[in-house]
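Shown next, in structure tokens, is the structure this report addresses.
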Amino acid sequence: MRSGFQKDVDKGLSSPKKFIPSKYFYDQVGDRIFQKIMSLPEYYLSRSEYKIFEEQGVEIAQALPFKSAFDIVELGAGDGSKTKLLLKTLNALGLEFTYRPVDISKAVLEQLKSNIVAFCPEISVDPLAGDYFDILPHLSTTDKPKLFLFLGSNVGNFQPAEAEAFIQMISNVMHSGDLLMIGMDLQKRPQLIEKAYNDSQGLTASFNMNLLQRMNKELGANFDLDQFEFYVHYDPVRGFVNSFLVSLEDQEVEILRLNKSYKFRENELIHTELSRKFNEEQIERLAFRTGFFVRKEFMDPDHYFVDSLWEKV
Ligand code: AVJ
């Protein structure tokens with residue numbers, strides 16, 4: 001049986017416009033590179049959202065309409081370093097909630113849970129391991145009101161139609177009055193955005209190149225890393241940061257685990273990631289089309305990033 005990685009690599013490298021889904025960045029090596037990216041001076045995203053939770057936790061708490069105990073369901077929680085700030089503030093204000101982080105990896109969830117408990121032992125944490133698509137339908141069976149979190153501009157990695165479908169899927173398990181808070185990176189000075197993905201240390205380049213290394217390790221491929229280079233471009237008209245690996249020569253790569261070879265022309269691109277940047281109009285429209293209205297927005301002082309709080313109609 002073929003793994004998801006095998007299927008997706010074969011599909012992406014057989015397509016006329018080659019691509020590899022960006023979710024495959026995050027193996028152990030990729031996780032570590034992403035940690036370093038987050039502390040780059042150019043990579044403002046994480047710091048901006050951190051500031052929002054650090055400085056506006058009380059305002060966020062005041063915007064929650066729940067009168068009784070509720071669930072906070074976080075999709076793609078990661079290490080919880082930003083969320084825990086918010087949870088601590090909500091707890092300190094006497095709100096009664098259970099934090100339910102959802103992640104595909106049990107190991108990640110255990111780490112996250114001990115992180116949160118160490119930071120604030122009073123918070124009750126009930127992790128849910130599994131795929132979003134399997135977990136979401138089960139959540140609607142508990143009758144507590146819910147606040148869903150989808151932070152970190154992870155929504156920016158979806159193509160527009162996919163983003164809408166994903167949010168619609170969340171919306172479908174929600175009840176009227178439930179809330180969804182989505183973290184989104186905002187359109188801003190193009191140079192600033194481009195620099196966040198074209199860092200001087202080459203960390204983002206390694207983050208992308210790790211995909212080739214991962215195929216070599218896990219799929220028995222023979223990518224020559226010297227024959228590819230990283231290229232990133234921000235299109236301010238659409239608000240799209242597109243990342244690519246460029247083949248530097250005509251070459252053929254063999255992938256043993258797929259029993260197949262793939263040809264690359266000189267200058268042919270492999271699309272590796274879309275990191276979308278949003279404007280206010282797009283946010284309003286996305287909310288409206290998926291069954292929400294925008295209840296309140298929380299931005300960092302520079303207005304680089306927004307955590308947009310939506311209420312289910
Ligand atoms: C974690 C998806 C928000 O798109 O900015 C960082 C990942 N890619 N540098 C993003 C990423 C290149 C990041 N997200």
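Counting convention: from 1, in listed order, for ligands and their atoms alike. All values below come from the heavy atoms of this structure, side chains included, with hydrogens, waters and symmetry mates left out.
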Is any side-chain N of the basic residue among K146 and D71 closer than 4.0 Å to the acidic one's carboxylate O?
-> yes
Electrostatic pair R214-E218, nearest N-O below 4.0 angstrom | yes
What pairs meet the ring-ring contact (aromatic ring centres under 6.0 Å, His included) rule with one or both residues in residues 47-85, with sequence neighbours excluded?
-> F66-F70, F70-F97
Sequence neighbours excluded - ring-ring contact (aromatic ring centres under 6.0 Å, His included) pairs with any residue from residues 9-31 = F5-Y24, F25-F207, Y26-F34, Y26-F207
Would you check ligand 1 and list the protein residues that come within less than 4.0 Å of it by any heavy atom, ordered by chain and number?
-> Y26, F34, Y43, L45, G152, S153, N154, N157, Y197, T204, F207, E273, S275
May I ask you to decide whether D302 forms a salt bridge with K188, counting only side-chain N to carboxylate O separations under 4.0 Å?
-> no
Of all residues at least two apart in sequence or in a different chain, which pass the ring pair (Phe, Tyr, Trp, His ring centres under 6.0 Å) check with F166?
-> Y132, F150, F158
